[in-house]
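Notes for the one structure printed next.
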Amino acid sequence: MLVDVDWIYGRKINDEGLYEIYMGIPYTNNFEIAVANLSKTVEIEKVEILEDSQLETYIVSHDGTIRKGEEEEWNDGENLIIYLPVFSKIVGYSWGDKYSKNLH
């Protein structure tokens, strides 16, 4: 998949090898082709595009404190900055088939 990635966030869902990966990808000419190809890849269950999304920024300090805030406030090189997407609509692809659902 040849696309630019602004940020990436992932987590392990279960012990059977299911992972969930979020990526911030700017829309470019090959974006839709890359999504369609990724959705047809073996062992990729589905690809979802989060529409109407915004990023919430959380800062985790070295002592374990988690705060919601702006990156500029806490970007001193010692804190972990996490971007969490908040969205209201999903457009998904599974083996090339497209589906859509509104969450709110």
Side-chain angles (χ1 to χ4, degrees):
M1 185 166 81
L2 297 174
V3 294
D4 293 330
V5 177
D6 290 338
W7 55 268
I8 189 166
Y9 169 74
R11 66 185 180 133
K12 184 177 180 181
I13 301 296
N14 62 30
D15 291 334
E16 286 81 42
L18 181 61
Y19 291 84
E20 183 175 74
I21 300 171
Y22 292 92
M23 293 186 288
I25 300 174
Y27 188 84
T28 59
N29 292 339
N30 65 340
F31 177 79
E32 291 179 12
I33 295 169
V35 168
N37 287 340
L38 184 61
S39 75
K40 296 176 186 176
T41 303
V42 176
E43 295 192 20
I44 301 289
E45 184 178 322
K46 61 185 170 183
V47 177
E48 296 179 332
I49 300 171
L50 311 179
E51 294 190 350
D52 301 329
S53 64
Q54 297 177 348
L55 289 178
E56 289 186 356
T57 305
Y58 291 88
I59 292 85
V60 182
S61 64
H62 61 280
D63 65 358
T65 305
I66 300 173
R67 301 177 190 184
K68 185 175 178 181
E70 297 299 321
E71 176 180 352
E72 294 80 23
E73 296 174 24
W74 302 96
N75 195 4
D76 62 3
E78 295 185 17
N79 297 312
L80 176 65
I81 300 169
I82 299 174
Y83 301 103
L84 185 65
V86 178
F87 49 93
S88 61
K89 182 179 180 182
I90 296 174
V91 176
Y93 297 84
S94 182
W95 290 99
D97 294 331
K98 183 177 178 179
Y99 62 91
S100 175
K101 58 183 167 182
N102 289 321
L103 302 177
H104 303 284

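Note that the numbering runs from 1 along the sequence shown for the chain. Every value quoted in this text rests on a predicted model; they were computed, and no experiment measured them.
A chain of hydrophobic side-chain contacts below 4.5 Å, direct or via other Ile, Leu, Val, Met, Phe, Trp or Tyr residues, connects L55 to I66. Side-chain heavy atoms closer than 4.5 Å link hydrophobic residues (I, L, V, M, F, W, Y) into clusters, and following such links, even through other members, never connects M23 to I33. Residue L18 is not grouped with residue I21 when hydrophobic side chains (ILVMFWY) are merged at heavy-atom distances under 4.5 angstrom, including chains of intermediate members. The cluster map of Ile, Leu, Val, Met, Phe, Trp and Tyr, joined by side-chain heavy atoms under 4.5 Å apart, puts V35 and V5 in the same cluster.
Residues satisfying the ring pair (Phe, Tyr, Trp, His ring centres under 6.0 Å) criterion with Y19, sequence neighbours excluded, are absent altogether.
Across S39 and Y93, no two heavy atoms sit closer than the pair CB-CB, 3.6 Å. The minimum heavy-atom distance linking E32 with Y27 is given by the pair OE2-OH, 2.8 Å.
Inter-residue side-chain proximity for T41 and E43 is flagged as unmet; no heavy-atom pair is nearer than 4.5 Å. Contact check for Y22 versus L84: no side-chain heavy atoms found under the 4.5 Å cut-off.
If you take NZ on K40 and OG on S94, they are separated by 11.5 Å, rounding to the nearest 0.5 Å. Rounding to the nearest 0.5 Å gives a distance of 8.5 Å between CG of N30 and CG of D4. Rounding to the nearest 0.5 Å places CD of E20 at 8.5 Å from NZ of K46.
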Dump the intermediate steps for side-chain contact (heavy atoms from CB on, under 4.5 Å) on I25 and D6, then the final yes or no.
CA-CA 6 Å; I25 300 174; D6 290 338; over 6 Å; no
